[in-house]
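Inspection log for the structure reproduced underneath, given as structure tokens.
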Amino acid sequence: MATDTVTDVFEEHRPVLMGVAYRMLGRVADAEDVVQEAWLRWSAADQEQVREPRAYLVRVTTRLAIDRLRHVQSRRESYVGPWLPEPLVTDYGPTVPDTAEQAVLADSVSIAVLVVLESLSPLERAVFVLREAFGFPFSEIAATLDRGEPAVRQLAARARKHVDEGKPRYTVDPGERRDLTERFLAAAAGGDLDGLMSLLAPDVRLVGDSGGKAKAPLRVIENADKVGRFLDGAARRGVPGGAVVETRFLEVNGAYSALILVDGKPDSVFQLDVVDGRIANVYIIRNPDKLLGFAS
């Protein structure tokens, strides 16, 4: 196979490979490293022996991602404070024309689902990602993982049960999430504690991820009173005098979110989960290592 053809085939499948690797690892840099290693394996392979390039590339990427996940899981045990996935800008647009398919992709990459996936074993996570997000048949997943199909079906059932138990059971209207996100930020920035409290569910949770490299709570904050007062206090402390604060709204991990910039540099990403018109979860990502992709 000619070099340009080898490259073209790989680039054709790169979005799927990145999608698999990111959902497996929850971090863009790790996913990019895995995909780069997959490219090296692909470019060095005997192309004449590869009958199904997509299956081959997914198999290589998945196995590399499993190896990387086993390594980073030990690293995350010493992570400072709560862990959230690295935010990923998602706008499938015309590349995924089917609305139902967009919904599946958005759900499988949501912050809430990726947090639940952290509690799965690497093999369970691989099966879940390949089956639920990309619809691979069990026979192909079995070949990818070098496992029997009955074993893969058992892994899939365990993973699905675990995700269903841990994942919030609601469907959020995008317009409602957008409205609440904008009202939430306006109330927080304006010091409107009463307005802020009116938006929060009684059992709301705030999860902040700083990795110990920025100011954020080191534990999950629970209930409306504590979350509201924390946010009000943070807003009152504000940013250094003279700093320029800018808010940009964009789709992150399949959901409407806010990117906060201070003096043009990414400071944090906010995303909300909404249940019955009230905010159920507040996710704040402030680890600067996870915001590099937003730097202009």
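No hydrogens, no waters, no symmetry mates; every other heavy atom, side chains included, goes into these values. Positions are given from 1, in the same order as the sequence printed here.
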Does the [X] side chain pair with the main chain of [Y], one donor and one acceptor, at a distance under 3.5 Å?
X	Y	value
E86	V28	yes
R286	S210	no
T62	R59	no
R23	R125	no
K290	L84	yes
E124	S121	yes

Spell out, yes or no, whether [X] and [Y] are grouped together once hydrophobic residues are joined by side-chain heavy atoms under 4.5 Å, including indirect joins.
X	Y	result
I284	V262	yes
F249	V282	yes
V72	L17	yes
V80	V115	no

Taking the side chain as every heavy atom from C-beta outward, state whether [X] and [Y] have any pair of such atoms under 4.5 Å apart.
X	Y	value
Y22	V109	yes
V116	F128	no
L193	R229	yes
L272	L199	no
L261	F294	no
V227	R205	no
V9	Q47	no
V58	F134	no

(request) Please indicate whether E52 has more than 12 foreign heavy atoms, meaning atoms of other residues, nucleotides or ligands, lying under 6.0 Å from its CD. (result)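 Counting neighbours around CD of E52, 12 or fewer heavy atoms of other residues, nucleotides or ligands fall under 6.0 Å, so no.
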(message) If you count heavy atoms of other groups shown closer than 6.0 angstrom to CG of D276, is the number above 12?
(response)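 Counting neighbours around CG of D276, 12 or fewer heavy atoms of other residues, nucleotides or ligands fall under 6.0 Å, so no.
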(request) For R63, check salt bridge (Lys or Arg N to Asp or Glu O under 4.0 Å) against everything at least two apart and list the hits. (result)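 Expected list: none.
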Within this structure, what is the [atom1]-[atom2] distance for the pair [X] and [Y], rounded to the nearest 0.5 Å?
X	Y	atom1	atom2	answer
F136	T144	CZ	OG1	7.0 Å
L291	I260	CG	CD1	11.0 Å
I279	T181	CD1	OG1	7.0 Å
R278	E176	CZ	CD	11.5 Å
H13	D8	NE2	CG	11.0 Å
D203	N281	CG	CG	8.5 Å

(request) Evaluate the criterion side-chain contact (heavy atoms from CB on, under 4.5 Å) for residue pair R158 and H162; output intermediate values, then yes/no. (result) CA-CA 6 Å; R158 285 205 303 269; H162 196 83; over 6 Å; no
Closest non-hydrogen atom pair, [X] against [Y]:
X	Y	answer
A38	L64	N-CD1, 3.6 Å
L120	A159	CD1-CB, 4.0 Å
A21	T61	CB-CG2, 4.2 Å
L259	V269	CD1-CG2, 3.9 Å
D232	L196	N-CD2, 4.4 Å
A201	A280	CB-CA, 4.4 Å

(request) Could you give me the CA-CA distance, side-chain angles and deciding distance for V207 and W83, then say whether side-chain contact (heavy atoms from CB on, under 4.5 Å) is met? (result) CA-CA 9 Å; V207 185; W83 179 93; over 6 Å; no
Scan the side chains in residues 213-224 for donor-acceptor partners under 3.5 Å anywhere in the protein, sequence neighbours excluded, and list what turns up.
| residue | atom | partner | partner atom | Å |
| --- | --- | --- | --- | --- |
| K213 | NZ | D289 | OD2 | 2.3 |
| N223 | OD1 | D225 | N | 3.1 |
| N223 | OD1 | K226 | N | 2.9 |

(message) Quiz question: by atom type and distance under 3.5 Å, do the side chains of D273 and Y283 form a donor-acceptor pair?
(response)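 Note: D273 and Y283 side chains meet the donor-acceptor criterion.
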(message) Can a side-chain donor-acceptor contact be found between E251 and T90 if the only test is distance below 3.5 angstrom?
(response)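 The answer is yes; a qualifying pair exists.
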(request) In sequence, state the C-alpha distance, the side-chain angles, and the governing distance for L155 and I141, and then conclude on side-chain contact (heavy atoms from CB on, under 4.5 Å). (result) CA-CA 11 Å; L155 286 168; I141 299 173; over 6 Å; no
(request) Could you walk me through whether L123 and R147 pass the side-chain contact (heavy atoms from CB on, under 4.5 Å) test, one step at a time? (result) CA-CA 10 Å; L123 284 178; R147 295 289 192 281; 3.2 Å; yes
(message) Between E182 and R178, does any NZ, NE, NH1 or NH2 come within less than 4.0 Å of an OD or OE carboxylate oxygen?
(response)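 Salt bridge absent between R178 and E182.
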(request) Report the relative orientation of the aromatic rings in W42 and Y56; use parallel for angles under 30°, tilted for 30 to 60°, perpendicular for over 60°. (result)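 Tilted.
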